[in-house]
Chemist: 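Dumping the structure here so I can ask a few things about it.
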Amino acid sequence: MPTVHVYMMSGRTAQQKEALISEVTDAVVSSISAPKENVRVIISEVPKSEYGIGGVTGEKLGR
């Protein structure tokens with residue numbers, strides 16, 4: 001059972017997260033021939049204040 005864990009800054013809409021789950025699932029199915037019903041996608045949202053990019057928080061970068 002392939003499991004993909006995506007870490008990203010919070011702030012995406014439910015529709016964006018649904019699209020991500022769908023497209024990541026399709027990529028796993030296509031690349032390793034896994035049955036779609038066996039693919040798991042986990043999204044962990046990290047607050048912008050706790051996500052660093054180039055030594056600065058996502059919050060300070062206005063992301």
Chemist: Hey, quick one: are Val24 and Ile32 part of the same hydrophobic cluster, counting side-chain heavy atoms closer than 4.5 Å, chains of contacts allowed?
Modeler: yes
Chemist: Let me see the working for Ile53 and Arg63 under side-chain contact (heavy atoms from CB on, under 4.5 Å), right down to the final yes or no.
Modeler: CA-CA 10 Å; Ile53 302 167; Arg63 300 282 175 113; 3.7 Å; yes
Chemist: Between Ser30 (side chain only) and Asp26 (backbone N and O only), is there a donor and an acceptor less than 3.5 Å apart?
Modeler: no
Chemist: May I ask you to check whether over 12 heavy atoms, not counting those of Gln16, lie within 6.0 Å of atom CD?
Modeler: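 Correct, the count exceeds 12.
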Chemist: Is the shortest heavy-atom distance from the side chain of Val6 to the side chain of Leu20 under 4.5 Å?
Modeler: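 The answer is yes; the side chains approach within 4.5 Å.
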Chemist: What's the spacing between Tyr51 OH and Leu61 CG if we round to 0.5 Å?
Modeler: 11.5 Å
Chemist: Do Lys48 side-chain atoms and Thr57 backbone N/O form a donor-acceptor pair below 3.5 Å?
Modeler: no
Chemist: Is any side-chain heavy atom of Pro2 closer than 4.5 Å to a side-chain heavy atom of Arg40?
Modeler: no
Chemist: Quick one: closest heavy-atom pair of Gly58 and Met9, and the distance?
Modeler: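 Scanning both residues, the minimum pair turns out to be CA-SD, 3.8 Å.
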Chemist: Go through Glu45 and Arg12 one step at a time and tell me if the salt bridge (Lys or Arg N to Asp or Glu O under 4.0 Å) criterion holds.
Modeler: CA-CA 9 Å; Glu45 292 186 283; Arg12 275 44 173 232; over 6 Å; no
Chemist: Which heavy atom of Ala34 sits nearest a heavy atom of Val39, and at what distance?
Modeler: CB-CG2, 4.2 Å
Chemist: Tell me the closest heavy-atom pair linking Val29 and Lys36, and the distance in Å.
Modeler: CG2-CA, 3.6 Å
Chemist: To the nearest 0.5 angstrom, please state how far the CD atom of Glu23 sits from the CD1 atom of Ile21.
Modeler: 11.5 Å
